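None of the values given here were measured: they were computed from a predicted structure. Index from 1, following the sequence.
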Amino acid sequence: MRIEEIALRQEARQMLCEAGLNKEELKELVLKDIDDKVIQAIESKIKGIDFEQMIMDRVDKALTKAVNDIVRKEVEGYFYNRKLNIRATASFEE
């Protein structure tokens with residue numbers, strides 16, 4: 001360690017002592033502050049999300065995939081070796 005680094009550490013330790021803090025207390029304060037900021041960021045992001053629409057979109061996709069798979073399975077038996085491009089859609093009526 002260089003002399004400058006040692007001096008900087010000593011100065012930081014002295015400042016902590018003057019403030020009545022030790023390294024562990026400072027670490028806890030910093031982690032709490034970071035936690036608070038993360039929670040605020042998450043809450044602000046959640047406010048802008050339409051969860052109902054997001055769920056409906058996912059259900060629509062799953063339903064469409066299920067219908068496609070079932071239709072493909074039923075129809076391919078009739079056409080043997082021919083490649084089929086089957087697309088079905090399914091969604092909730094609004």
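To the nearest 0.5 Å, atoms CD (Glu43) and CD1 (Ile46) are separated by 7.0 Å. From Leu31, atom CG reaches atom CG of Leu26 across 9.5 Å, with rounding to the nearest 0.5 Å. The NZ atom of Lys32 sits 11.5 Å away from atom CD of Glu28, with the distance rounded to the nearest 0.5 Å.
Under the side-chain hydrogen bond (donor to acceptor under 3.5 Å, both in side chains) criterion, the residue pairs touching residues 13-23 are Gln14-Glu18, with sequence neighbours excluded.
With hydrophobic clusters built from ILVMFWY side chains whose heavy atoms lie under 4.5 angstrom apart, Ile42 shares a cluster with Ile34. Hydrophobic clustering (side-chain heavy atoms under 4.5 Å, transitive across Ile, Leu, Val, Met, Phe, Trp, Tyr) groups Leu29 together with Leu16. Tracing side-chain contacts under 4.5 Å through hydrophobic residues (I, L, V, M, F, W, Y), one reaches Ile49 starting from Val38; they form part of the same cluster. Connection of Met56 to Phe51 is not established within any shared hydrophobic cluster, with ILVMFWY side chains joined at heavy-atom distances below 4.5 Å, either directly or through further cluster members.
The backbone N or O of Asp50 lies less than 3.5 Å from no partner atom in the side chain of Gln53, so there is not a single donor-acceptor pair.
Evaluated for a side-chain contact (heavy atoms from CB on, under 4.5 Å) with Asn68, the options Thr64, Ile70, Val71 yield exactly one hit, Thr64.
Looking at heavy atoms from C-beta onward, Ile6 lies out of side-chain contact with Arg2 at the 4.5 angstrom threshold.
No more than 12 heavy atoms of other residues, nucleotides or ligands sit less than 6.0 Å from atom CD of Glu11. Counting non-hydrogen atoms of neighbouring residues, nucleotides and ligands closer than 6.0 angstrom, the CE atom of Met15 reaches no more than 12 such neighbours.
Between Lys61 and Asp57 there is no salt bridge, since no side-chain N of the basic residue sits under 4.0 Å from a carboxylate O of the acidic one.
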